[in-house]
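We name chains A, B, ... by the order of the sequence lines, and we start the count at 1 in each one.
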Number of protein chains: 2
Amino acid sequence: MTQLEIARQGIISSEIEEVARQEGLQPDYIRRNVADGRVVVPANVNHKNLRPVGIGAGLSTKVNANIGTSSDAPGLSAEIEKLNVALEAGAHTVMDLSTGGDISGIRRALIEQCSVPVGTVPVYQAAIKSISNRGSIVDMTADDIFEAIEEHVRDGVDFITVHCGVTREVISYLEKKPRLSGIVSRGGSFHAGWIKHNNKENPLFEQFQRLLDIAKSHDVTLSLGDGLRPGCIADASDNAQIAELNVLGSLVVEARKNGVQVMVEGPGHLPLDQIETNMKLEKQLCHDAPFYVLGPLVTDIAAGYDHITGAIGGAIAAITGADFLCYVTPSEHLGLPDALDVRNGVIASRIAAHAADIVKGVKGARERDYQMSKARKNLDWETQHNLALDPQRFKEIRDRSKTKGDACTMCGDFCAMKLASEYVDNKGKCL
Amino acid sequence: MTQLEIARQGIISSEIEEVARQEGLQPDYIRRNVADGRVVVPANVNHKNLRPVGIGAGLSTKVNANIGTSSDAPGLSAEIEKLNVALEAGAHTVMDLSTGGDISGIRRALIEQCSVPVGTVPVYQAAIKSISNRGSIVDMTADDIFEAIEEHVRDGVDFITVHCGVTREVISYLEKKPRLSGIVSRGGSFHAGWIKHNNKENPLFEQFQRLLDIAKSHDVTLSLGDGLRPGCIADASDNAQIAELNVLGSLVVEARKNGVQVMVEGPGHLPLDQIETNMKLEKQLCHDAPFYVLGPLVTDIAAGYDHITGAIGGAIAAITGADFLCYVTPSEHLGLPDALDVRNGVIASRIAAHAADIVKGVKGARERDYQMSKARKNLDWETQHNLALDPQRFKEIRDRSKTKGDACTMCGDFCAMKLASEYVDNKGKCL
């Protein structure tokens, strides 16, 4: 049975116990949300050593880190390093998006070493195999896609991105209202190209029941991909994007009927004033399925700093409906991230997630800021270090700039915290 | 005459001509907003080689970089380097907050080299002088403060932060409703300590007319400081903060009556859901005076990354009323920024400002994203480089990860942009 089915029977699984422990919430509260599909707990029965994580309503905002090889950088060791850096920096899940080297071997090695849920995009591997076996992506068969999915599921992947919403009808909107950036999702471009070339429907849509049966067999959570997400500000919230979201909403219903856990992926590039609408629309059209967003990126021009662009969008997204933030690294739009990029990407998304959790009323979030500021007021640097989002970075800068006294080199003798205590607190009893 | 007085007479000054040219707007549109006090053009008659900048309604969002020595790092050369880095990174104004070394000499050197408006906080220098002449800050006289202001004004400073709103009544709110972090503004703590120790009213409030006369003499713009800004999430939007804002609103009216340009400073630390209210309240209580915010920082726990925390808050602030963002650097709360921190701080705030300008409808903002994404779609890396917010950083990452083909190492052969063109655009004519 899947977590969804177990929860519906009123049973609290050990996975839900663990999520409740992490979140400091009552297990039955989580169970009810899992039963309603408002929370997912991605936990493939074949993923050994998994510490499950809950994603969705009432829980803290989660952060995913994408890692994985490309044809230009196909080695395993760099990905193991990125995995470790991502986990150290506090990523709640990791996706292996490898498209280079021994893809199956890399995936298995990463799953084995990874204590948090692992996601993949099986169609990447199907496409690559099709190129080597049949000469092109568009000659891929439906069976190629499902075989790749079955392999990933058997290997213990906890959630898979499946671009079921890239249908003939949905991509027809691209003809009706042309885009500046077209399709920027890799999976989306594979499926759209395949559909147009073969003049057939997307197998993941047409044979959705087959997909559900595979997912159900190992309790893999479906992450319904947004193959037509906007790739630039000019294409945001267009007809094609919303048409796909609407299709995903109907698939959410089907998945839940079949006892399969499901979440929905979202944009992408969005101007600041379209984020809230997008989050609310997903909750409405997709029946409160957890929303997993990539960014959103609030401008197209900041390549080199898209972890910041994504943190701005992610924070707004998370207070208006997003449950799960896919990080963006400084290398986005430019190249494969290195380990430092992974670190910076995870931290930036965690800042967005935490800032939102303060407002969402997530247990312990506001209290951590309270304790941090209390320590800051007391010039208690050790407690500040321990409570910092990234204690390592805190220490680096503090060590570089340590002053003689209690204060820091920013203000030196003119530290307001110090002065206020001297003149106002103590003498004036003002504070 | 000040820019405000000139504008009221219906005359378009050369400074307004220059602002109109930069913004791509009609000079008379700017003039009307300057006349109404909704825009300021800080331009001290003694600042030679100044290229004026407009701040306020209808204009692009501006970014300030704080530099300056402290007692631990008193040298000029490091500050000249930071000035150059800030200007290269695109700061629209620079504030010299020096509190160490030859403060007057450093200020004069910075103004001489600086082509954008320069701001200062004269009470810092008055306080330091008072310590050396009288033994403590609280023994500073009203004349000490006004003499420091006069010196800064004569030297050519374009805008000065003056904490006129830290009044006896306002600080009494700190007793009624104690704070976690007390006073975190240096100027605020000097004035509050002085008021409590001497049991007298703040000279900058009591002798506000004297301040206006000095400001008017050289057309220095007053930046009414928020000495009681919240220094942590727990203290956000509290009674003391709002009481001060209300006082500042009445001083805005006085300043405008006297023909003195004026803007208002704002928080500080604010949770995500209090930013919009704070921006709208300032516009209401301060009669649409340009709003200059520090951050806002949306969490207290991200020391080491407060440029990101500030960019999140700044973007939301700028679409809901803020006109001018004071950068925050990665060193905030830990130490004096170095040149790299200055660079990262300016870029992060510029991302926030630009993302907001897209939504504000600022001329050219959305078009730049459009051209960037067009170049991205065409895999035209040279145009992308030229349009990037930080072309230098763009090139660094691109060079590190250049692939053999047109695409980048992120996707290598599986670039969605390439694949979509191959399979969908050309063969399927879908896009």
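Within the 4.5 angstrom heavy-atom criterion, only backbone atoms of S185(A) (N, CA, C, O) approach chain B. Contacts between L272(A) and chain B at a heavy-atom distance below 4.5 Å involve backbone atoms as well as side-chain atoms. Using a 4.5 Å cut-off between heavy atoms, F190(A) contacts chain B through its side chain alone, with no backbone atom that close. For R366(A), the part lying under 4.5 angstrom from a heavy atom of chain B is the side chain only. Of the two parts of N378(B), neither the backbone nor the side chain holds a non-hydrogen atom closer than 4.5 Å to a non-hydrogen atom of chain A. At a 4.5 Å heavy-atom cutoff, the contact between H333(A) and chain B is made by backbone and side-chain atoms alike. Interface residue E332(A): backbone and side-chain heavy atoms are both found under 4.5 Å from chain B. Both the backbone and the side chain of A356(A) come within contact range of chain B, with heavy atoms under 4.5 Å apart. For a residue to count as touching a neighbouring chain, one of its non-hydrogen atoms must lie under 4.5 Å from one of that chain's; by this rule A234(B) touches chain A with the side chain only. Only the side chain of R376(A) has a heavy atom closer than 4.5 Å to any heavy atom of chain B. Neither the backbone nor the side chain of L97(A) comes within less than 4.5 Å of any heavy atom in chain B. Both the backbone and the side chain of L180(A) come within less than 4.5 Å of a heavy atom of chain B. For L297(A), no part lies under 4.5 angstrom from a heavy atom of chain B. Neither the backbone nor the side chain of N199(A) has a heavy atom closer than 4.5 Å to any heavy atom of chain B.
When each of T99(B), V298(B), D273(B) is scored by its heavy-atom pairs under 4.5 Å with chain A, the top score falls to D273(B). Across D338(B), T309(B), I195(B), I131(B), the residue that shares the most heavy-atom pairs under 4.5 angstrom with chain A is D338(B). Chosen from G68(B), G304(B), A73(B), the residue pairing most often with chain A at heavy-atom distances under 4.5 Å is G304(B). For the options M372(A), R186(A), H269(A), heavy-atom pairs under 4.5 Å to chain B are most numerous at R186(A). Contact tally against chain A (heavy-atom pairs below 4.5 Å) for Q274(B), H354(B), Q384(B): the top residue is H354(B).
For the atom pair CD1 of I358(B) and OG1 of T299(A), the computed distance is 4.0 Å after rounding to the nearest 0.5 Å. Note that CG of L336(B) and CD1 of I397(A) are 12.0 Å apart. Values are rounded to the nearest 0.5 Å. Y305(A) OH to I347(B) CD1: the interatomic distance, rounded to the nearest 0.5 Å, is 4.5 Å. L389(A) CG to D306(B) CG: the interatomic distance, rounded to the nearest 0.5 Å, is 10.0 Å. Of the inter-residue distances, the one linking S331(B) atom OG with E396(A) atom CD reads 11.0 Å to the nearest 0.5 angstrom.
Looking at heavy atoms from C-beta onward, W381(B) lies in side-chain contact with L334(A) at the 4.5 angstrom threshold.
Among all heavy-atom pairs drawn from L387(B) and I301(A), the shortest one is O-CB, 4.0 Å. Scanning all heavy atoms of the two residues, the minimum distance from I312(B) to A352(A) falls at CD1-CA, 4.2 Å. Smallest separation of non-hydrogen atoms from P330(B) and R393(A): CB-NH2, 4.4 Å.
Checking D300(A), I233(A), V184(A) one by one against S373(B), the side-chain contact (heavy atoms from CB on, under 4.5 Å) holds for a single residue, D300(A).
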Run the side chain to side chain contact (heavy atoms under 4.5 Å, CB included) check on I308(A) and H307(B) step by step: do they pass?
CA-CA 9 Å; I308(A) 297 178; H307(B) 59 313; 4.2 Å; yes
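Between D341(A) and R400(B), at least one side-chain N (NZ, or NE/NH1/NH2) sits under 4.0 Å from a carboxylate O, which counts as a salt bridge.
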